[in-house]
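For reference, the structure discussed in these notes is given below.
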Amino acid sequence: MTNNFIPALREQLSSPKNIVVIPHKNPDGDALGSCLGWKHFLDQMGHNCTVISPNEYPKFLDWIPDQETIIKFNQEEEACQKLLFDADLIFTFDFNSLGRIKPMDEVINKCKGIKVMIDHHEQPDDYADLMYSDPSLGSTCEMVYNVMEALDVSKINKTIATCIYTGIVTDSGSFRFQSTTPITHSIVSNLLDLGIDHAQIHQNIYDTYSFGRLQLLGKALSNLVKVEPLQAVYITLSQEDLNSCDFKKGDTDGFVNYGLSLEGIELAIIMIENTQENIVKMSFRSKGTFNVNEFARKHFNGGGHNNAAGGASHESLAITKEKVHQTILEYKDQLS
Ligand code: 5GP
Ligand code: MN
């Protein structure tokens with residue numbers, strides 16, 4: 001955090017403001033947890049705060065406190081535009097480029113409100129007036145906690161702690177990724193002291209599979225391919241696979257990680273066909289030094305973190321799969 005971030009933010013929040021908080025498209029636990037935690041914090045400070053999501057989020061997040069107050073841009077565009085144009089302050093959480101909230105980016109570019117970015121992705125764009133970017137931290141929720149602590153730690157209550165914990169636990173792979181630090185655990189210790197029900201939160205997130213979702217996992221695992229002789233695997237899921245398992249948004253979240261659970265594997269990729277949007281959505285995960293942010297940026301119109309990134313292909317699933325296979329082979333020196 002730069003030295004002037006907190007004083008500048010404190011100044012902006014010194015009188016009641018109209019505020020909008022925005023997560024990235026297809027928001028995950030970290031994006032929603034950070035936005036809603038921050039909304040609860042700002043509500044207590046007497047601000048008028050609304051969370052606007054570019055679109056819907058998965059069912060396994062539809063229990064986070066106050067999620068029902070989130071307005072979806074793709075459902076209520078006019079109401080969202082009004083809120084955005086009237087906002088004194090616009091917070092953007094858990095993304096580093098306005099391209100991650102399309103088509104809301106066109107509205108944001110015309111808004112007069114002060115823009116504040118809090119995010120932990122590599123190579124952030126320069127669109128915000130105030131920016132707290134730290135790719136070394138495991139979650140945006142950890143960053144939002146740091147900001148709340150600096151502003152007024154006494155306002156962090158159990159509801160806020162529940163939101164923040166959700167983002168920390170989901171983005172850290174339940175505390176197992178490299179980005180988990182002693183500070184992460186010490187923040188979590190404070191959250192537990194505030195009385196959060198961590199076992200229930202875990203159940204809400206991870207133990208609410210539908211029958212179709214578990215069947216889809218079965219299909220994903222049986223479609224797993226190893227790129228011999230390298231330490232890399234990929235999974236494909238066609239639109240037909242999804243349809244046959246009554247696919248709902250979020251059902252494939254986490255599937256890519258199963259590839260990394262194989263001994264020795266350093267790169268795992270999942271490709272998911274979406275015939276409606278005419279894209280193949282991709283997720284990249286790695287262990288150790290293989291940098292999937294660079295890989296996704298260079299070859300698949302994406303980006304993210306060193307060990308977790310996303311991207312998309314506009315080719316067919318078959319062509320994308322072949323491109324992935326051949327591209328992985330180009331990295332034989334790093335993946336042997
Ligand atoms: P996931 O694979 O879970 O969708 O995303 C992994 C990470 O990469 C997340 O931090 C996410 O924000 C980022 N990410 C996912 N898709 C994209 C994309 O299309 N472009 C960029 N720049 N980042 C992405
Ligand atoms: Mn995140």
Side-chain angles (χ1 to χ4, degrees), residues 21-38 53-55 57-58 60-61 91-102 105 117-125 127 132-146 163-175 177-180 184 205 220 234-235 237 249-260 267-272 274 277 279-286 291-314 320 324:
V21 190
I22 306 172
H24 56 77
K25 193 174 177 187
N26 300 318
D28 57 9
D30 189 31
L32 280 194
S34 55
C35 288
L36 286 168
W38 187 237
S53 174
N55 66 346
Y57 42 88
F60 68 82
L61 296 173
F91 288 88
T92 70
F93 280 5
D94 201 35
F95 60 93
N96 59 359
S97 147
L98 292 178
R100 299 272 289 130
I101 57 168
K102 275 182 190 302
D105 55 329
M117 175 205 285
I118 301 183
D119 178 58
H120 67 137
H121 292 90
E122 303 279 344
Q123 294 147 291
D125 284 354
Y127 65 82
Y132 172 25
S133 160
D134 190 345
S136 76
L137 295 183
S139 63
T140 299
C141 274
E142 187 168 328
M143 304 175 75
V144 169
Y145 181 91
N146 290 339
C163 298
I164 297 295
Y165 183 82
T166 300
I168 293 180
V169 86
T170 50
D171 260 31
S172 68
S174 300
F175 310 109
F177 297 151
Q178 202 68 48
S179 51
T180 307
T184 314
I205 299 169
Y234 59 81
I235 289 170
L237 280 174
K249 188 183 262 310
D251 278 358
T252 56
D253 284 20
F255 285 10
V256 64
N257 295 316
Y258 284 89
L260 281 190
L267 170 65
I269 299 176
I270 191 167
M271 291 162 256
I272 301 164
N274 182 335
E277 290 187 24
I279 60 162
V280 176
K281 180 71 187 130
M282 312 172 76
S283 289
F284 308 89
R285 298 290 186 273
S286 66
N291 186 330
V292 286
N293 171 44
E294 295 299 340
F295 187 88
R297 270 176 188 266
K298 187 158 176 210
H299 304 288
F300 297 104
N301 317 301
H305 312 284
N306 291 350
N307 294 120
S313 157
H314 298 279
T320 305
V324 163

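Whatever order the structure lists them in is the order used to number ligands and atoms, beginning at 1.
Val292 is listed as a side-chain neighbour of Leu267, based on a closest heavy-atom distance under 4.5 Å. In this structure, the side chains of Ile118 and Trp38 stay at 4.5 Å or more apart for every pair of heavy atoms. Side-chain contact between Ile164 and Val144 is present, with heavy atoms from C-beta onward closer than 4.5 Å.
Ligand 1 lies out of reach of Ala312, whose nearest heavy atom is not under 4.0 Å from it.
In this structure a side-chain-to-backbone donor-acceptor pair under 3.5 Å is present from Asp30 to Cys141. Proximity of a side-chain donor or acceptor of Asn301 to a complementary backbone N or O of Ala312 within less than 3.5 Å is detected.
At a 3.5 angstrom cut-off on N or O pairs, Arg100 counts as close to ligand 1. The shortest N or O to N or O distance between Asp94 and ligand 1 is not below 3.5 Å. Considering backbone and side-chain atoms together, Gly303 places an N or O closer than 3.5 Å to an N or O of ligand 1.
Side-chain contact, Ser313 with Thr320: a donor N or O sits under 3.5 Å from an acceptor N or O. For the 3.5 Å distance criterion, the side chains of Gln178 and Asn306 fail to qualify, holding no donor opposite an acceptor. Using a 3.5 Å distance cut-off with no hydrogens or angles, the side chains of Asn26 and Asn55 do pair a donor with an acceptor. A donor and an acceptor atom, one from each side chain of Asp105 and Tyr127, are nowhere located under 3.5 Å apart.
Residue contact check: Ser283 has heavy atoms under 4.0 Å from atoms 1 (P), 2 (O), 4 (O) of ligand 1. Set against the non-hydrogen atoms of Gly311, the atoms of ligand 1 under 4.0 Å away are 16 (N), 19 (O). Atoms of ligand 1 found under 4.0 Å from any heavy atom of Lys281, numbered from 1 in the order shown, are 15 (C), 16 (N), 17 (C), 19 (O). Annotation for ligand 1: atoms under 4.0 Å from non-hydrogen atoms of His305 are 10 (O).
With a heavy-atom cut-off of 4.0 Å, Arg297 does not touch ligand 1 at all.
Counting protein heavy atoms only, atom 7 (C) of ligand 1 is closest to Ala308 O, 3.6 Å. For atom 15 (C) of ligand 1, the nearest protein heavy atom (residue, atom name, distance) is Gly310 CA, 3.4 Å.
At the Mn ion (ligand 2), the vertex angle linking OD2 of Asp30 with OD1 of Asp94 is 90° (nearest 10 degrees). If you put the vertex on the Mn ion (ligand 2), NE2 of His120 and OD2 of Asp171 sit 90° apart, to the nearest 10°.
For atom 1 (P) of ligand 1, the candidate residues are Met282, His121, Arg285; the nearest heavy-atom contact is made by Arg285.
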